[in-house]
Amino acid sequence: MLRLGLCCLFNQAPIRFRSATAKFVRPLDRPAQLVKLSELCLDNTRSLVAAVEEVYRLGFGSFRVSSPFLPLYTHPEVGYHLEELPDAREIKATLRSVKALKEKHQLRFSFHPDQFTLLSSPRPEVTAASLKELDYQVMLAELIDADVINIHGGGVYGDKQSALSRLVKEISALPEPIRSRLTLENDDRSYTVEDLLPVCEQLDIPLVYDVHHHRCNPDELTVAAATDACLRSWRRLGREPYFHISSPKHGWNGKPGPHADFIDIADFPAEWHGLDATIDVEAKAKELALLKLKKELSLPPWPGDEAAAKRGCATSTPKDAG
DNA sequence: GCATGTCAAGTTGTG
DNA sequence: CACAACTTGACATGC
């Protein structure tokens, strides 16, 4: 059965994630920095508990955790490690309770590092910063048992094949806890499903298929063919397939634009009905958009019981295979 | 209080 | 050549 995924934030539900700017934190002395950051992190872990409960209560099956969940964690000047925070124990304990909640309700968690995280750049400092960001996100992914860390192909730098070979080289060298969670997603400018499929096959990692990006940045594949390719890439690993959907705010008349508040049901691919798959809904109205889509698709609430568990598709990462 | 400008980071395409 | 857009606004400041 289809599992709808909420991305990072809520519209109506009073659940907010806090942040801080480096500009604010920088002038503080180190202990004061850590006190401030610890407070934000602890608040955010408690908000995550509330978020996960709300996701399940609303009948959804998946949640994407935002990249700045631990604010400024990888910042070059004011960055920190969990162990340095005064509330480290409580933060970790709360994250363990998130994992327990996930297991109880058979939910799925994912991460989507933002556009600064890319493994195709010719600039070593860009790659180094990206690896640091992946280290951070996999630490969180392990604590809450998220099985997906999804990134884009990155830039082209005037030579797509060279960029792709750098991408392959970097992914091949990733530590197994990252590699086993890493996925590639087609984007709206540079890398299509056709571009990424050979890379995914070579590296044996799955493809996240974003149908909106595919429509903005098409290749030779139909939606049906791209859907099939995505399904195969997950099923060969025994894992539940992953899609993204969104609707354009200003219609399809031209370039990719901002996301609309809701999903136009006409944009929902016919090929996706009835699949056992996760669909992240990227829409400004957040949970309201998921509720509307869920109704229009006549989806029942995510069951989250043992019957669901028996469907048999992995949404947690198995022990890293050496 | 509330409005508004600002915030770590990369890359591409538009105006 | 500056700037918006990208998966996502919240914070800090000034009126």
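Chain letters run A, B, ... following the sequence lines, proteins first and then strands; every chain starts at 1. Please read all numbers here as calculations on a predicted model, not as lab measurements. As a basis for the values below, the full set of heavy atoms in this structure was taken, side chains included, without hydrogen atoms, waters or symmetry mates.
For the P atoms, the distance linking dG5(B) with dA4(C) amounts to 12 Å, nearest Å. Going from the P atom of dT7(C) to that of dC3(C) covers 22 Å, rounded to whole Å. Across dA10(C) and dG10(B), the matching C1' atoms stand 22 Å from one another, rounded to whole Å. Straight-line distance between the C1' atoms of dA8(B) and dC6(C): roughly 16 Å, to the nearest whole Å.
Between His213(A) and His244(A), the distance from one ring center to the other does not fall under 6.0 angstrom. Within the 6.0 Å centre-distance limit, the rings of Tyr209(A) and His214(A) are counted as a close aromatic pair.
Using a cutoff of 4.0 Å between basic side-chain nitrogens and carboxylate oxygens, Arg46(A) and Glu90(A) are scored as salt-bridged.
Between His213(A) and dT7(C) there is a side-chain N or O to OP1 or OP2 distance below 4.0 Å. Phosphate contact (OP1/OP2 of dC6(C), side-chain N/O of His112(A), threshold under 4.0 Å): absent. Distances shown here put a side-chain N or O of Arg16(A) below 4.0 Å from the OP1 or OP2 atom of dA10(C).
Looking at Leu85(A) and Tyr80(A), their side chains come closer than 4.5 Å, going by heavy atoms from C-beta outward. Counting only heavy atoms from C-beta outward, the side chains of Phe111(A) and Ser67(A) never approach each other to under 4.5 Å.
Nearest to the side-chain atoms of Arg189(A) among the listed nucleotides dT7(C), dT12(B), dA8(B) stands dT12(B). Of the candidates dT11(B), dC11(C), dT7(C), dT11(B) carries the atom nearest the Tyr157(A) side chain, counting heavy atoms from C-beta on.
Remark: C1' of dA8(B) and OH of Tyr80(A) are 13 Å apart, rounded to the nearest angstrom. Atom P of nucleotide dA8(B) and atom CZ of Arg26(A) are separated by 6 Å, given to the nearest angstrom. For the pair Gln137(A) CD and dT8(C) P, the interatomic distance rounds to 16 Å; values are reported in whole Å. At whole-Å resolution of the value, CG in Asp187(A) and P in dG13(B) are 10 Å apart. Rounded to whole Å, the distance from NZ on Lys23(A) to P on dA12(C) is 11 Å. Put simply, OH on Tyr136(A) is 17 Å from P on dA9(B), counting in whole angstrom units. Residue Leu70(A) contributes atom CG, which lies 21 Å from atom P of dT8(C) at whole-angstrom precision. Taking atom CG of residue Leu40(A) and atom P of nucleotide dC7(B), one finds them 18 Å apart after rounding to whole Å.
Looking at residues 116-126 of chain A, you'll see Phe116(A), Leu118(A), Ser121(A), Arg123(A), Val126(A) sit with a heavy atom under 4.0 Å from some atom of DNA chain B.
Using a 4.0 Å heavy-atom cutoff across all strands shown, Glu133(A) reaches at least one base atom of the nucleic acid. Note on Pro76(A): a base of the nucleic acid sits closer than 4.0 angstrom, heavy atoms only.
Sorted by first and then second residue, the salt bridge (charged side-chain N to carboxylate O under 4.0 Å, His left out) pairs with a member in residues 153-165 of chain A read Lys160(A)-Asp195(A); sequence neighbours excluded.
Side-chain N/O atoms of Thr21(A) and base N/O atoms of dA12(C) include no donor-acceptor pair closer than 3.5 Å.
Secondary-structure stems of DNA chain C, taken as three or more successive Watson-Crick or G-U wobble pairs (i with j, i+1 with j-1) under a 3.5 Å distance threshold, comprise B:1-7 with C:9-15, B:10-15 with C:1-6.
When each of Ala20(A) and Ala283(A) is assigned the nucleotide of DNA chain C with its nearest heavy atom, Ala283(A) is the one assigned upstream, toward the 5' end.
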With salt bridge (charged side-chain N to carboxylate O under 4.0 Å, His left out) as the test, would you mind laying out the steps for Lys92(A) and Glu83(A) before giving the verdict? CA-CA 10 Å; Lys92(A) 282 193 263 189; Glu83(A) 292 69 29; 3.6 Å; yes

Verify side-chain hydrogen bond (donor to acceptor under 3.5 Å, both in side chains) between His112(A) and Asp280(A), making sure each step is shown before the conclusion. CA-CA 11 Å; His112(A) 193 1; Asp280(A) 272 3; over 6 Å; no

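The backbone N or O of Gly155(A) lies less than 3.5 Å from no partner atom in the side chain of Arg189(A), so there is not a single donor-acceptor pair.
Cation-pi contact between Arg3(A) and Trp234(A): absent, since separation from the ring centre below 6.0 Å together with deviation from the ring axis within 45° is not met.
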